[in-house]
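Reckoned from all heavy atoms, side chains included, excluding hydrogens, waters and symmetry mates. We're numbering straight along the sequence, starting at 1.
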Amino acid sequence: MVATYVQIDDPADPRLDDFRDLTLADRRPDRPGGRGIVVAEGVPVVQRLLASAYPIRRVMGIPAKVAALAPDLDGVGIPVYAVPAAVMDAVVGFHLNRGVLATADRASRPSIDELARSTRLLAVLEGVNDHENLGALFRNAASLGVDGVVLGPRSADPLYRRSVRVSMGHVLRVPFAPAEGWPETLEFLQHKGFVVAALTAKMPATPIHELRADKVAVLLGAEGPGLTDRALAAADVRVRIPMRSGVDSLNVATAAAIAFHRLGIALG
């Protein structure tokens with residue numbers, strides 16, 4: 001298989017429809033305008049999409065960015081559209097500094113049981129609905145040894161365009177699965193040997209560096225409200241990140257990074 005390179009100068013060309021009006025396409029498939037496809041922006045993120053399990057559909061970019069991807073596109077039988085920058089802006093609906101986009105279909109996801117059988121450190125999210133926080137959290141998870149992510153109630157879709165972009169494509173590497181009931185999923189993980197550790201600023205809570213366990217599911221809530229009382233009650237232990245006096249919270253992605261690093265060290 002070889003990529004098919006095509007020069008397109010007309011922004012109305014239907015072959016570019018995957019990339020059209022991305023502010024509308026960046027929605028769930030069941031919302032008006034939502035397409036349910038994965039969109040990657042920029043050379044490094046497109047490279048990670050090409051190397052992932054997600055079935056690639058097509059690439060569109062200005063000639064210089066398309067040329068930079070040539071080694072990655074070798075053997076990938078998809079259409080690659082080279083377009084002027086003005087055409088890209090007209091298709092996308094805004095100016096795209098990164099100069100290249102790729103789309104892919106969604107891949108199958110593991111079940112909670114599959115995640116639990118093959119992991120020691122999980123992140124479990126409740127209500128993390130900010131796309132950029134979610135993307136940053138996945139990037140931290142990929143770099144700090146988290147084996148998988150469980151998406152609890154009201155958590156955003158990690159495959160939204162903005163989440164993929166902020167994660168630098170690492171959301172495509174970290175397996176994730178939706179919770180199957182809440183808080184029943186936490187009870188299931190406990191049954192599988194995980195200590196469910198709720199990260200919270202509420203006292204009483206154990207300093208996170210004192211936690212000892214063989215398998216940990218760290219429970220994280222939305223920035224601002226944090227974890228619900230229901231989630232806190234279902235956890236085995238409450239843990240906190242010690243902070244200086246006068247500071248009572250951190251951005252959820254920052255707090256997650258500290259927790260992932262500390263727990264990764266503890267688990268070896």
Side-chain angles (χ1 to χ4, degrees), residues 28-30 36 38 48-49 51-55 104-129 133-135 137-160 163-164 167 169-200 208 211-222 227-239 252-253 256-257 259-268:
R28 292 194 338 227
D30 58 338
V38 182
R48 292 182 180 119
L49 182 62
S52 76
Y54 292 79
D105 292 316
R106 294 183 176 229
S108 60
R109 294 181 296 195
S111 66
I112 295 290
D113 184 60
E114 288 169 326
L115 279 184
R117 281 192 275 113
S118 60
T119 60
R120 293 182 66 206
L121 179 57
L122 290 174
V124 184
L125 312 183
E126 183 190 47
V128 180
N129 54 16
N133 279 339
L134 190 63
L137 193 150
F138 265 87
R139 185 177 183 181
N140 294 336
S143 63
L144 296 170
V146 173
D147 301 311
V149 176
V150 177
L151 302 171
R154 303 178 308 283
S155 292
D157 183 349
L159 298 179
Y160 276 20
S163 295
V164 175
S167 80
H170 291 296
V171 70
L172 306 170
R173 295 178 49 200
V174 180
F176 62 89
E180 298 172 359
W182 195 261
E184 291 81 5
T185 289
L186 303 181
E187 297 166 4
F188 175 80
L189 292 173
Q190 290 163 336
H191 178 71
K192 291 295 184 178
F194 285 86
V195 171
V196 176
L199 188 63
T200 179
I208 195 166
L211 180 64
R212 298 291 182 268
D214 293 325
K215 298 169 71 174
V216 178
V218 57
L219 185 55
L220 299 151
L227 293 165
T228 62
D229 291 339
R230 192 179 184 194
L232 288 169
D236 293 298
V237 61
R238 298 184 184 192
V239 294
V252 64
F260 297 161
H261 181 260
R262 172 55 60 181
L263 294 172
I265 290 173
L267 292 173

For residues [X] and [Y], determine if any side-chain heavy atom of one lies less than 4.5 Å from a side-chain heavy atom of the other.
| X | Y | result |
| --- | --- | --- |
| D236 | F194 | no |
| L134 | S155 | no |
| L159 | Y54 | yes |
| L137 | L125 | yes |
| V196 | V124 | no |

Considering non-hydrogen atoms only, spot the tightest contact between [X] and [Y] and give its length.
| X | Y | value |
| --- | --- | --- |
| V171 | F176 | O-CE2, 4.3 Å |
| A234 | Q190 | O-NE2, 2.9 Å |
| L232 | A198 | CD2-CB, 3.8 Å |
| F260 | L121 | O-CD2, 4.2 Å |
| I112 | A177 | CD1-CB, 4.0 Å |
| L172 | S52 | CB-CB, 4.2 Å |

- Item | Criterion side chain to side chain contact (heavy atoms under 4.5 Å, CB included) on K192 and L122, from CA distance to verdict | CA-CA 12 Å; K192 291 295 184 178; L122 290 174; over 6 Å; no
- Message: Test of understanding: with side chain to side chain donor-acceptor pair (under 3.5 Å), list the residues that count as partners of N129, not counting sequence neighbours.
- Response: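 Partners of N129 by the side chain to side chain donor-acceptor pair (under 3.5 Å) criterion come out as none, since no residue qualifies.
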- Pairs where residues 139-151 contributes a residue and the test side chain to side chain donor-acceptor pair (under 3.5 Å) is met, not counting sequence neighbours: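 Not a single pair qualifies under side chain to side chain donor-acceptor pair (under 3.5 Å).
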- Would you mind listing every side chain to side chain donor-acceptor pair (under 3.5 Å) that reaches into residues 173-184, with sequence neighbours excluded?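 Residue pairs passing side chain to side chain donor-acceptor pair (under 3.5 Å), neighbours aside: E126-W182, H170-R173.
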First locate atom [atom1] of [X], then atom [atom2] of [Y], and finally report the distance between them rounded to the nearest 0.5 Å.
| X | Y | atom1 | atom2 | result |
| --- | --- | --- | --- | --- |
| T119 | L189 | OG1 | CG | 8.0 Å |
| L115 | T185 | CG | OG1 | 10.5 Å |
| L263 | R120 | CG | CZ | 11.0 Å |
| R238 | L219 | CZ | CG | 11.0 Å |

- Backbone N/O of G36 and side chain of R106: donor-acceptor pair under 3.5 Å: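 Side chain of R106 to backbone of G36: a pair is present.
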- Starting from the C-alpha separation in whole Å, work towards a yes-or-no answer on side chain to side chain contact (heavy atoms under 4.5 Å, CB included) for R262 and V239. CA-CA 12 Å; R262 172 55 60 181; V239 294; over 6 Å; no
- Query: Just wondering, more than 12 heavy atoms not from D214 lying within 6.0 Å of its CG?
  - Reply: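 Counting neighbours around CG of D214, 12 or fewer heavy atoms of other residues, nucleotides or ligands fall under 6.0 Å, so no.
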